[in-house]
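Contents: one structure, followed by commentary.
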Amino acid sequence: MKVLVTGGAGYIGSHVVADLVKAGHDVAVVDNLSSGQRQHVHPSARFYLADTTRPIELAKVFVTETGSAPIDVVMHFAAKLDVEESVRLPLAYYHNNVEGLRIVLACMLDAGVKNIVFSSTAAVYGDPLAQEPLSEHMPTLPINPYGSSKRAAEQLIQWVSASDGINYAILRYFNAAGADESCALGLEKPHYTHLVPLAVRAALGLEDAVKIFGDDWQTPDGTCIRDYIHVSDLSDAHLLAAQYLLTEQKSLLLNLGTAQGSSVKEVIAAVDKLRPCPYQVVGKRAGDPAVLIADASKAHEVLGWCPQRDLDVIVKSDLNYRLRART
Ligand code: UFG
């Protein structure tokens, strides 16, 4: 299949691009390199330095690409995704995540592209009261502009699907982490906020210590519980979802997680097994729910998708990536 990937130089996008190329697909990447890494784009993918929020720029890419053969699927990763930043810059989040998507959808309609795989997030669920696995039917009540912009984007896709007959796979990621097997790709940021890279960086001496945001939560060990999903497992789900859209010509909305929760202390212990991981307990971070675990049964039933890599693989791959990239 021929796939146009927006945000294909970013963390999850670059893993999916590499896997698409390895599986023999024809791949073009659009990225503005605001946070992605050009060197993370597989050399066999065609690369366009372009911004999804600029209609003329993006339309040119679609015209060039459809000139040779029709695009079967757009995978739309390009987005802003820092929760704390979104609280400070809500307009920028809606501009990138909703207006950027609107322009992608308009280009798809003009070019006759019928299928979109969309990166969404568990942040659309907000702060659920019940500490039970979240199924796709649970209410979506985002508590920050990031989650809210992603929910609005999901809705826009669903409206355009109804009006223009496109098929979508909306994929709600839980806590993406880890690096690919070759350790050539991984999460790089000028300022890290996620637990796994921060814990690994503390173990490597790149941070003084990882902070535990509160140890008096209503959880067995007092620290927050999340569902950590390996980025290569996420990538596998994207390929399956795209194939589903092409063969079934039906839409999908799926959680992508492992259905297993790990506490902050368990993540630190997993890193500590590889290298001593210094930590300190500090106060709670605003907006953190105590527990977020996916009910991932639908992705299993519909796509046959089953995550293969556990927390130990996640932290080991992140560590190996950072040893290699020194970041
Ligand atoms: N945490 C710490 N110390 C840190 C960083 C995080 O204790 O230095 C804790 C947090 O309190 C939380 C857990 O580790 O309990 C995971 O935090 P992350 O920042 O790694 O991830 P979040 O669960 O906050 O957010 C992630 C994505 C969001 C997405 C959300 C959906 O980053 O984009 O999952 O569940 F919206």
Side-chain angles (χ1 to χ4, degrees), residues 7 10-13 35 77 79-87 93 96-97 119-128 131 133-134 136 138 140-151 153-154 170-178 187 189 191-203 206-231 234 255-271 277-296 311 314-315 318:
Y11 172 48
I12 302 171
S35 59
F77 294 93
K80 286 185 156 303
L81 42 72
D82 187 313
V83 172
E84 282 171 341
E85 185 186 55
S86 80
V87 176
Y93 272 68
N96 250 270
N97 297 357
S119 298
S120 192
T121 169
V124 298
Y125 295 113
D127 187 356
Q131 296 195 355
L134 288 160
E136 293 83 355
M138 300 277 186
T140 48
L141 296 163
I143 54 167
N144 51 59
Y146 167 61
S148 173
S149 68
K150 285 287 184 176
R151 183 67 191 109
E154 288 185 353
I170 291 172
L171 305 178
R172 293 178 176 163
Y173 312 152
F174 280 65
N175 287 60
L187 179 62
K189 294 183 92 178
H191 171 64
Y192 290 92
T193 56
H194 291 103
L195 179 63
V196 170
L198 283 167
V200 167
R201 283 170 56 82
L206 299 167
E207 312 273 342
D208 291 341
V210 58
K211 297 185 177 82
I212 296 179
F213 294 142
D215 64 355
D216 56 353
W217 295 86
Q218 295 294 307
T219 59
D221 71 12
T223 65
C224 285
I225 294 176
R226 293 289 181 275
D227 185 337
Y228 296 90
I229 173 81
H230 194 286
V231 63
L234 283 183
N255 286 336
L256 295 182
T258 64
Q260 299 292 319
S262 303
S263 71
V264 174
K265 282 188 177 164
E266 285 169 337
V267 171
I268 292 172
V271 175
C277 179
Y279 66 85
Q280 66 175 128
V281 178
V282 299
K284 288 179 176 169
R285 182 171 72 176
D288 269 339
V291 178
L292 279 179
I293 301 173
D295 173 344
L311 183 63
I314 287 175
V315 297
D318 189 83

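Remember, it's 1-based here, ligands and their atoms both numbered in the order they're listed. Basis for what follows: all heavy atoms, side chains included, without hydrogens, waters or symmetry-related copies.
- Closer than 4.0 angstrom to ligand 1 by heavy atom are L81, T121, A122, A123, Y146, N175, T193, H194, L195, L198, K211, I212, F213, C224, R226, Y228, V264, R285, D288, L292, sorted by chain and number.
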For residues 208-216, dump all side-chain donor-acceptor pairs below 3.5 Å to protein atoms at least two apart in sequence or in another chain.
none

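- In this structure, the side chain of K189 does not engage the main chain of S35 through any donor-acceptor pair within 3.5 Å.
- Applying the salt bridge (charged side-chain N to carboxylate O under 4.0 Å, His left out) criterion to E136, with sequence neighbours excluded, gives no partner residue.
- For Y173, the OH atom sits in a packed shell: over 12 heavy atoms of surrounding residues, nucleotides or ligands are nearer than 6.0 Å.
- With sequence neighbours excluded, no residue forms a salt bridge (charged side-chain N to carboxylate O under 4.0 Å, His left out) with D221.
- With hydrogens and angles disregarded, a donor-acceptor distance shorter than 3.5 Å links the side chain of D227 to the backbone of A294.
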